[in-house]
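Worksheet for the structure shown next.
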Amino acid sequence: MTNVVEKVYEQVVERNRGEAEFHQAVREVLESLEPVISKHPHYAEAGLLERIVEPERQIMFRVPWVDDNGQVQVNRGFRVEFNSALGPYKGGLRFHPSVNVGIIKFLGFEQIFKNALTNQAIGGGKGGSDFDPHGKSDLEVMRFCQSFMTELSRHIGPSTDVPAGDIGVGGREIGYMFGQYKRLKNSYDAGVLTGKGLAWGGSLVRTEATGYGTVLFAQSMLATKGQSLEGKRVTVSGAGNVAIYAIEKAQALGATCITFSDSSGYVVDEAGVDLELLKQVKEVERGRVADYVERRPGARLVTEGRVWDVPCDVALPCATQNELDGNNAATLLRQGCGVVAEGANMPSTPEAIEAFQQAGILYAPGKASNAGGVATSALEMEQNASRTRWDFETAEAKLTDIMTDIHDSCVVTAEEYGRPGDYVLGANAAGFTRVADVMLAHGIV
Ligand code: NDP
Ligand code: 2IT
């Protein structure tokens, strides 16, 4: 790293001790911004790097609730309002036992650049809790969400900060949180949360958007080589919102998706995933991947190794951060994988990214390829503000246009800096420039 970038990175490590994922995300962005900083020294001179790595506000709070046995439980809640240069803070809420401030900060930091890439008026933020929804009753989830929102409601608003879902937060949780927000504020502010139900201000396509967008991005990358997803073997990790709709879109475009996974293992289904069965098991029954195998002849459950051991043409990591390491990348490359598009946030480790880039395959970082989710959240805000509702085709056409634009601006920006095909540089440089120029215009705030 050059001196100026190295100094900022060291300060981040020093000031945010023990936050490994945050350090990793900052390092990845700063390293790839070096050519931008050399070409445009005024960004560093204005202290923009130091400012952009420091959240505008970080909120941490106690979330007490009572479980079904009458026992008091205490979780920790977070909201990191990272950057509001482009619009209200926007980003999901994650409920997972692994959640800590470093994870929320890495996600919030990535969100700044992702949201900038969509070209919509949304700043970057993220939140969540170490609450684990697995195995909890609906009533327990409701009580937790109500307690969480009781504090969060002081900090959010349709023009201030607009949370949505992420791991462990879907339509059910957004519903409980919206109900509590409405009750506390005595105001039907539909635009305060996105990912709402269709009957109360939600947008068509929001459920599908992240997975669809990831696949559309992969399709755009393939098109630069005169290829498409038709006939390709695709491996997918995860079995949640992003994975399910990535599989749906990839199959619609003629690919065969042969895997999915959760924290109990992965499933190989060489005949192609039976999407209706997967939705039944995961969305309706909230079951485990083994429940799919029990009902699907020919499918097998693997509990050793990683889904990346399965040979494929295209890999779509759609579960969580650092789920694909250098060894997994080497295996993928050895077995002929030529495309990786990230549905998850930061699923590839730095070693894996390095391997993909050295091999010259098509590799899309999550902040570009998974931006369809937040982009459609911004479309939901737009519909809420104008009290309209678009049909599925209208919303999907807008999503498709946004994903094409993001893809093309990554390509053009990478070329501008003499590194054609480098989607990491393209995404970071294009996203950073948009935010940085507006921060300059707003003065030192
Ligand atoms: P879900 O909660 O719907 O699904 C997450 C899936 O990933 C589950 O199958 C889960 O398995 C698995 N998973 C999660 N954590 C782990 C872990 N530590 N180890 C192994 N498996 C794990 O979440 P989403 O599909 O919404 O999110 C998936 C990824 O996509 C995340 O990285 C998220 O940040 C990112 N993303 C989500 C967006 C959205 O709109 N929802 C938008 C953009 C990115 P299990 O149930 O066993 O834990
Ligand atoms: O990581 C992400 O972009 C999300 N979880 C979606 C955020 C949103 O506000 O829709």
Side-chain angles (χ1 to χ4, degrees), residues 21 87-99 103-104 106-115 117-118 120 122-128 132-135 156 161-174 191-196 202-203 205-214 217 236-247 260-267 278-279 281-283 286-290 292 306-307 316-324 342-348 365-381:
E21 291 85 358
Y89 309 106
K90 182 84 196 87
L93 297 170
R94 176 177 293 191
F95 293 170
H96 192 272
S98 64
V99 163
I103 288 182
I104 298 300
F106 117 64
L107 290 162
F109 184 70
E110 290 283 287
Q111 201 83 45
I112 305 170
F113 307 100
K114 180 195 304 192
N115 294 3
L117 282 170
T118 70
Q120 293 160 303
I122 41 179
K126 200 85 186 190
D132 184 359
H134 287 112
I156 63 175
D161 184 353
V162 184
D166 193 83
I167 291 176
V169 178
R172 175 182 62 171
E173 291 74 17
I174 294 292
V192 73
L193 289 170
T194 60
K196 297 182 293 296
S203 174
V205 186
R206 177 61 189 90
T207 301
E208 295 83 358
T210 313
Y212 277 22
T214 302
F217 200 97
V236 177
S237 66
N241 173 260
V242 180
I244 288 173
Y245 293 95
I247 293 170
F260 55 85
S261 67
D262 66 14
S263 54
S264 63
Y266 68 88
V267 170
L278 179 59
K279 285 183 180 176
V281 166
K282 281 291 177 184
E283 294 186 333
R286 297 183 186 272
R288 310 303 291 157
V289 291
Y292 174 98
R306 288 276 172 91
V307 65
L316 304 175
C318 297
T320 193
Q321 66 274 359
N322 293 328
E323 55 163 315
L324 195 170
E342 297 182 340
N345 285 306
M346 205 169 76
S348 307
K367 66 170 73 71
S369 47
N370 75 34
V374 76
T376 308
S377 278
L379 299 177
E380 183 172 328
M381 291 162 72

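All ligand and atom numbering here is 1-based and tracks the order in the structure.
- Closest protein heavy atom to atom 23 (O) of ligand 1: Ile167 CA, 3.4 Å.
- Taking distance alone, with nitrogen or oxygen atoms compared against 3.5 Å, Arg206 approaches ligand 2 more closely than that limit.
- The distance from the CD1 atom of Ile112 to the NZ atom of Lys367 is 10.5 Å, given to the nearest 0.5 Å.
- Near Asp166, with a cut-off below 4.0 Å to any heavy atom, the atoms of ligand 1 are 26 (O), 33 (C), 34 (O), 36 (N), 37 (C).
- Taking a 4.0 Å cut-off on heavy atoms, Gly165 registers as neighbouring ligand 2.
- Not a single heavy atom of Ala209 sits less than 4.0 Å from an atom of ligand 1.
- Here the side chain of Thr210 pairs no donor or acceptor atom with the backbone of Gly372 at under 3.5 angstrom.
- Here is the list of ligand 2 atoms found below 4.0 Å of a heavy atom in Gly91: 7 (C), 9 (O).
- Below 4.0 Å from some heavy atom of Arg94 lie the following atoms of ligand 1, by number and element: 31 (C), 32 (O), 33 (C), 34 (O).
- Not one N or O on the side chain of Glu173 forms a donor-acceptor pair closer than 3.5 Å with the backbone of Gly165.
- Taking both residues in full, the closest heavy atoms of Ser237 and Pro317 are given as OG-CA, 3.2 Å, listed atom of the first, atom of the second, then distance.
- At a 4.0 Å cut-off, not a single heavy atom of Lys282 sits close enough to ligand 1 to count as contact.
- Scanning the protein for heavy atoms near atom 46 (O) of ligand 1, the closest one is His134 NE2, 2.8 Å.
- No donor-acceptor pair under 3.5 Å is formed between the side chain of Asn345 and the backbone N or O of Gln321.
- Counting only distance, with no hydrogens or angles, the side chain of Arg306 and the backbone of Glu323 share a donor-acceptor pair below 3.5 Å.
- Between the CZ atom of Arg206 and the OG1 atom of Thr376 there is a distance of 6.5 Å, given to the nearest 0.5 Å.
- Residues Ala164 and Val169 share a closest heavy-atom pair of O-CG1, 4.2 Å.
- Between Lys126 atom NZ and Asp166 atom CG the span is 3.5 Å, to the nearest 0.5 Å.
- Nearest protein heavy-atom contact of atom 4 (O) of ligand 1 is Gly240 CA, 3.2 Å.
- Within ligand 2, the atoms closer than 4.0 Å to a non-hydrogen atom of Ala164 are 8 (C), 9 (O), 10 (O), numbered from 1 in the order shown.
- In summary, the atoms of ligand 1 found under 4.0 Å from a heavy atom of Ser263, numbered by their order in the structure, are 11 (O), 20 (C), 21 (N), 45 (P), 47 (O), 48 (O).
- The Ala344 neighbourhood of ligand 1 comprises atoms 29 (C), 30 (O), 32 (O), 35 (C), with distances under 4.0 Å to a heavy atom of that residue.
- In this structure, Glu323 does not count as a contact residue of ligand 1, since none of its heavy atoms falls inside 4.0 Å of the ligand.
- The nearest heavy-atom contact from the protein to atom 3 (O) of ligand 2 is Lys114 NZ, 2.7 Å.
- Closest approach of Leu93 to Gly128, counting heavy atoms only: CD2-N, 3.8 Å.
- Protein heavy atom in closest approach to atom 16 (C) of ligand 1: Thr320 CG2, 3.7 Å.
- Across all non-hydrogen atoms, the minimal contact from Ala344 to Thr320 is CB-N, 3.8 Å.
- Considering every non-hydrogen atom in both Phe260 and Ala239, the closest pair reads CD1-CB, 4.1 Å.
- Of all protein heavy atoms, the one closest to atom 39 (C) of ligand 1 is Thr210 OG1, 3.4 Å.
- In this structure, Gly168 is part of the shell of residues with a heavy atom less than 4.0 angstrom from ligand 1.
- In this structure, Glu342 contributes its side chain and Ser369 its backbone to no donor-acceptor pair below 3.5 Å.
- Heavy atoms of Gln321 stay at 4.0 angstrom or farther from ligand 1.
- Scanning the protein for heavy atoms near atom 9 (O) of ligand 2, the closest one is Lys90 NZ, 2.7 Å.
- Not one N or O of Ser264 is nearer than 3.5 Å to an N or O of ligand 1, by distance alone.
- Arg94 does not count as a contact of ligand 2, since none of its heavy atoms falls under 4.0 Å from the ligand.
- When all heavy atoms of Thr194 and Ile174 are compared, the closest pair comes out as O-CD1, 3.8 Å.
- Heavy-atom distances between Gly92 and ligand 1 stay at or above 4.0 Å for every pair.
- Among all protein heavy atoms, the one lying closest to atom 29 (C) of ligand 1 is Ala319 O, 3.2 Å.
- Put simply, part of Arg206 is less than 4.0 Å from ligand 1, judged by heavy atoms.
- Less than 4.0 angstrom separates some heavy atom of Cys318 from each of these atoms of ligand 1: 28 (C), 29 (C).
- A donor-acceptor distance shorter than 3.5 angstrom exists from the side chain of Asn115 to the backbone of Lys90, with no hydrogens or angles considered.
- At the shortest separation from atom 10 (O) of ligand 2 among protein heavy atoms lies Ser377 OG, 2.6 Å.
- Of the inter-residue distances, the one linking Arg288 atom CZ with Lys282 atom NZ reads 4.5 Å to the nearest 0.5 angstrom.
- At a heavy-atom cutoff of 4.0 Å, ligand 2 is contacted by the side chain of Lys126 but not by its backbone.
- If you look at Thr210 next to ligand 2, there are no close heavy atoms at all, none under 4.0 Å.
- In the vicinity of Gly343, heavy-atom distances shorter than 4.0 Å reach the ligand 1 atoms 30 (O), 35 (C), 36 (N), 44 (C).
- At least one N or O atom of Ala239, backbone or side chain, sits closer than 3.5 Å to an N or O atom of ligand 1.
- Among protein heavy atoms, the minimum distance from atom 7 (C) of ligand 2 is reached at Gly92 N, 3.5 Å.
- The backbone N or O of Gly343 lies less than 3.5 Å from a partner atom in the side chain of Asn370, making a donor-acceptor pair.
- Only the backbone of Ser261 comes within 4.0 Å of ligand 1, counting heavy atoms alone; no side-chain atom from C-beta on gets that close.
- In terms of protein heavy atoms, atom 3 (O) of ligand 1 is closest to Asn241 N, 2.9 Å.
- Side-chain N or O atoms of Glu208 include none that pairs as donor or acceptor with a backbone N or O of Tyr245 at under 3.5 Å.
- Close N/O approach between Val242 and ligand 1 is found [any backbone or side-chain N/O within under 3.5 Å].
- Regarding atom 11 (O) of ligand 1, its nearest protein heavy-atom neighbour is Asp262 CB, 3.3 Å.
- Here the CE-CG distance, from Met381 to Leu193, works out to 10.5 Å after rounding to the nearest 0.5 Å.
- Rounding to the nearest 0.5 angstrom, the gap separating the CD atom in Gln111 from the CZ atom in Phe106 is 10.0 Å.
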